[in-house]
Amino acid sequence: MLQQKLFERYMSISEEHKDFLDKSLSYEGLAKLLLGSVPDEYEQAPNKILIVGRETRDWLESWSDLQYNEDGIKRLMAKSKSFIGNQLEDEKKNTQGKSFFNFVRDIANKSGKNGILWANIYAFDYKGGHINHIKDKEMIKEIETISKKIIVAQIEVLNPDIVIFATGNQGIDARRRYFPNSELRECTAIEGYPSKDLWSFKLPKYEAQCYRIHHPSSFRREKKHARKKLINLLPSL
């Protein structure tokens, strides 16, 4: 079962970084870990798409009783599953201030919601925003190490057909540290679009078709057109 396999990978990551994760629970302003889950009908989904955002906003910061043990990992997976499921409900339409999930809904409408997976390039947020505001640079490196391992676990266990990095400029820098451009395969521009707005590539060792765009919160005309083009390139139901 994919959910169990993903849980086991997350547990391994948690055990590898136990000291850091335990200390993170008392670090003021640091949200809880985002651990993506698996939709109920994922294995039957015709199009499996991992969408990578940048960071959450105060993700479960109020969970004062959370521990990074088996129970805690299961709780975090269940929460992300229910959250993304709620975001994909049919009645939610173009919610103001929710540009990332509006974009996710557009993809789900085109390619099907049962194959939608969610991750962030940073698995934590700090004070509702970017981790670069953390003064401890070693802490930032540890967060990036954990974040990369989570994304790799989702790709290796769930084998998505497509991975979309919709992270914004700061997220692009992190993606380059996780997966350096020099190691990418089959990098191609999309005709009519500069690579900074829409770019196609494959990660080393993985067969998923990958795309990079700006974060969906960018409302500049050329960025909006690039997002529309990407959705047009995605497979239909």
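Keep in mind it's a predicted model, so treat the numbers as computed, not measured.
S80 contributes atom OG, which lies 10.5 Å from atom CG of N120 (distance to the nearest 0.5 angstrom). Note that CG of D197 and CZ of R227 are 10.0 Å apart. Values are rounded to the nearest 0.5 Å. To the nearest 0.5 Å, the span separating CG on L66 from CG on L21 amounts to 10.0 Å. Here CG of L50 is found 7.5 Å from CD1 of I151. Values are rounded to the nearest 0.5 Å. Put simply, CD1 on I143 and CG on D136 are 9.0 Å apart, with the number rounded to the nearest 0.5 Å. Here OG of S111 is found 10.5 Å from CG of D106. Values are rounded to the nearest 0.5 Å.
Residues F103 and L237 do not share a hydrophobic cluster, clusters being chains of Ile/Leu/Val/Met/Phe/Trp/Tyr side chains in contact below 4.5 Å. Both L35 and Y42 are part of a single hydrophobic cluster, where members link through side-chain heavy atoms under 4.5 Å apart. Side-chain heavy atoms closer than 4.5 Å link hydrophobic residues (I, L, V, M, F, W, Y) into clusters, and following such links, possibly through other members, connects I49 to L2. One hydrophobic cluster, built from ILVMFWY side chains closer than 4.5 Å, holds both F201 and L233. I172 and L184 sit in two unconnected hydrophobic clusters of ILVMFWY residues. Membership requires side-chain heavy atoms under 4.5 Å apart, directly or through other members.
The neighbour count for E28 CD, taken as heavy atoms of other residues, nucleotides or ligands under 6.0 Å away, does not exceed 12. Within a 6.0 Å sphere centred on NZ of K196, other residues, nucleotides and ligands contribute more than 12 heavy atoms. Taking a 6.0 Å sphere around NZ of K81, one finds it holds more than 12 heavy atoms contributed by other residues, nucleotides or ligands.
For W59, the ring pair (Phe, Tyr, Trp, His ring centres under 6.0 Å) test picks out F83, W118, with sequence neighbours left out.
In plain terms, the two heavy atoms of T188 and W199 that are nearest each other are O-CD1, 3.3 Å. For the pair V157 and L6, the tightest heavy-atom approach, listed with the atom from each and the gap, is CG1-N, 3.9 Å. Taking every heavy atom of both residues into account, A174 and E144 meet most closely at CB-OE2, 4.1 Å. When all heavy atoms of L230 and I213 are compared, the pair lying nearest together is CD2-CG2, 3.8 Å. Annotation for P160 and A208: closest pair O-CB, 3.3 Å, computed over non-hydrogen atoms.
The side-chain heavy atoms of Q209 and D161, taken from C-beta on, include no pair separated by under 4.5 Å. Taking the side chain as every heavy atom from C-beta outward, V52 and I164 never approach each other to under 4.5 Å. For the pair S236/K110, a side-chain contact is recorded, criterion being any heavy-atom separation below 4.5 Å from C-beta on. Using a 4.5 Å heavy-atom cutoff, the side chains of L60 and K79 are in contact. Residues E16 and S12 have side chains in contact (heavy-atom distance under 4.5 Å, counting atoms from C-beta outward). Side-chain atoms of R9 and Q154, non-hydrogen and from C-beta on, never get closer than 4.5 Å to each other. Taking 4.5 Å as the limit, every side-chain heavy atom of I162 sits out of range of all side-chain heavy atoms of C210.
A donor-acceptor pair is defined here as one N or O able to donate and one able to accept, closer than 3.5 Å; such a pair exists between the side chain of R57 and the backbone of G128. Between the side chain of Q3 and the backbone N or O of V38 there is at least one donor-acceptor pair closer than 3.5 Å. Side-chain atoms of Y68 do not come within 3.5 Å of backbone N or O of S24 as any donor-acceptor pair. Listed for the K148 side chain is a donor-acceptor partner under 3.5 Å among the backbone atoms of Y178. The backbone N or O of F179 lies less than 3.5 Å from a partner atom in the side chain of R175, making a donor-acceptor pair. Of the possible polar contacts, none joining the S14 side chain to the Y10 backbone as a donor-acceptor pair under 3.5 Å is found. Remark: side-chain polar atoms of D125 are paired, donor with acceptor, to backbone N or O of D58 under 3.5 angstrom. For the pair K202 (side chain) and R185 (backbone), a donor-acceptor distance under 3.5 Å is absent. Side chain of S218 to main chain of H215: no donor-acceptor pair is present (N/O by atom type, distance under 3.5 Å, no hydrogens or angles). Formation of a donor-acceptor pair under 3.5 Å by the T167 side chain with backbone atoms of G53 is not found in this model.
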* With side-chain contact (heavy atoms from CB on, under 4.5 Å) as the test, would you mind laying out the steps for N132 and Y126 before giving the verdict? => CA-CA 8 Å; N132 276 358; Y126 178 63; over 6 Å; no
* What do the steps show when you test L117 against K48 for side-chain contact (heavy atoms from CB on, under 4.5 Å), and what is the final call? -> CA-CA 8 Å; L117 304 169; K48 300 175 174 63; 5.6 Å; no
* Chi angles and distances behind the side-chain contact (heavy atoms from CB on, under 4.5 Å) call for F165, I121 -> CA-CA 8 Å; F165 290 90; I121 204 75; 4.2 Å; yes
* Output, in order, the C-alpha distance, side-chain angles, deciding distance and verdict of salt bridge (Lys or Arg N to Asp or Glu O under 4.0 Å) for K18 and E15. => CA-CA 5 Å; K18 184 178 187 306; E15 289 164 1; over 6 Å; no
* CA sep, side-chain torsions, deciding dist, call: H130, Y122, side-chain contact (heavy atoms from CB on, under 4.5 Å) -> CA-CA 8 Å; H130 200 283; Y122 301 110; 3.5 Å; yes
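A salt bridge does not link K74 with D71: none of the charged nitrogens is closer than 4.0 Å to a carboxylate oxygen. A salt bridge links E138 and K141; the closest N-O separation between the charged side-chain nitrogens and carboxylate oxygens is under 4.0 Å.
Checked by atom type, the side-chain pair R75/N69 shows no donor-acceptor distance below 3.5 Å.
A cation-pi geometry, defined here as NZ or CZ lying under 6.0 Å from the six-membered ring centre and within 45° of its normal, does not hold between K229 and Y193. No cation-pi contact links K32 to F124, judged by a cut-off of 6.0 Å to the six-membered ring centre and 45° from its axis.
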